[in-house]
Amino acid sequence: MYRNFVFDLDGTLTDSGRGILTSVRCALEKMGKPVPPVETLRRFIGPPLTGSFRAFCGMTEAEAAEGLRLFRERYVPVGWRENRVYPGIRPLLRELKNRGCRVYVATGKSAESAERVLRYFGLYPYLDGIAAPSPKELEADKGRLLKSLCPDTRDTVMIGDTFGDVQAALDTGADSIAVQYGYGAWTEEQLSRATRTADTVEELSRILLGQVPADRGVFISLEGLDGCGKTTQRDVIRTLMEDLGFETVLTREPGGCPISEEIRSLLLSVRHSEMTATAEALLYAASRAQHVHDVIAPALAQGRAVICDRFADSSLAYQGGGRELGVETIYQYNEAGVGRFWPDATVYFRIDHETSLKRRYSASAPDRMEQADAAFFTRTEQAFEQLAARFEDRYLVLDGKKSKEEVSEELRNRLPAFLSEKGLI
Ligand code: TYD
């Protein structure tokens, strides 16, 4: 068993290709140069960019410098975030940490941009150190970086997707694992020089840990008044969670599984205007009990990120506040069905009841719930605000009155940090 684990970053921990390739493409288009085929473009990932512009696009030195400037114009503000943690990496790093191992990153990126990526994607807390080339160095000497992290390489393994990583290990006496899911174009001869090879993150986990550790699930609910825009933002949240390395399950309430979808039709049909507030609250709770049992609990047990468009907080606000049954009563109604499955995080899209009303009128025909009067929505809004204050630890509050684009941007800026700070990822 090793003690020190040194990981390369791009192509090993994260799949950074999307942001790099889109930014290269953008730079070439701005320069009026033809964009090479994807197989060639992939070779831009890893080595210094100016060299690739010259080798693959026939640029002069001056053109390559301009190419790099244009690349940065997009990569620095947005491209760096178009990155994805390989599924399985997060639980692997967590398990190494749990076992008391020392975990490092040695990267060709600048220390600043490596740290930014690792912090944003919530991997930073699992690391004991990062080694990166100094600003003056054109290319990273990975062997030197490895030595700077682990002067004694006896119990050390270097894990990476390019031959440079294996070479670093050979130069310093460490072991190496060549991973083949990244961007490296390995020859047989190069692979034969690595101590071990791994085709997938699973195989890597088996080599390093003797097992494939399960991820821990995360349960995120989306809440707010009707018309708050949460349904539009669901996909942004789903992509964010996938970028953090999770498999995702997108679901909704009332509904989410066959029995609960039937209860949904009962609840929302305008034919049932005589339904009592208590019957309504119990039906929401019944629908939720089935949904938790059929969908939410099993997905969390498999380590998935469950993103649920409305959950029990809607009942607390709409039936507890709006229908005036009282929040504590609604709690009791829901206890048996929800059990320990309260959301880990609740994204609350805050809008006031007047905005909600305006947005509802401009949308489709109102369902039974939407037919309620203004006083009902005023009370529901107040109840949501009280819940946001009471559960501030799990509530991420966003301004739902902003434009779609602004809300999406705020989600990208705040959700990963929120989850990481709470220790949920
Ligand atoms: P939903 O389908 O989320 O509507 P929208 O996407 O327009 O917000 O929810 C349907 C309605 O059900 C909505 O008006 C809120 C209400 N609702 C409750 O009153 N209690 C609950 O527990 C839930 C989940 C929803």
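Note that ligands are numbered from 1 as they come in the structure, with each ligand's atoms numbered from 1 the same way. Side chains included, hydrogens not; waters and symmetry mates left out as well; all remaining heavy atoms used. Note that the structure is predicted; figures quoted are calculated from it, not measured.
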Which atoms of ligand 1 are found less than 4.0 Å from any heavy atom of R264? 2 (O)
Donor-acceptor contact below 3.5 Å, side chain Q180 vs main chain D161: no
May I ask you to check whether D226 has an N/O atom sitting below 3.5 Å from an N/O atom of ligand 1? yes
Per-atom filter on ligand 1: closer than 4.0 angstrom to a heavy atom of E370 are 7 (O)
Sidechain N-carboxylate O distance under 4.0 Å for R84, E242: yes
Closest heavy-atom approach to atom 18 (C) of ligand 1 among Y284, F377, F376, F311 is made by Y284
Under 6.0 Å between the ring centres of F53 and F71? no
Ligand 1 to K230, heavy atom cutoff 4.0 Å, flagged ligand atoms 3 (O), 5 (P), 6 (O), 8 (O)
Measure the distances from the heavy atoms of R252 to every atom of ligand 1 and state whether one is below 4.0 angstrom. no
Is the distance between the ring centroids of F391 and W342 under 6.0 Å? no
Could a heavy atom of R288 be found less than 4.0 Å from some atom of ligand 1? yes
Is there a donor in the side chain of Y318 and an acceptor in the side chain of R310, or the other way round, less than 3.5 Å apart? yes
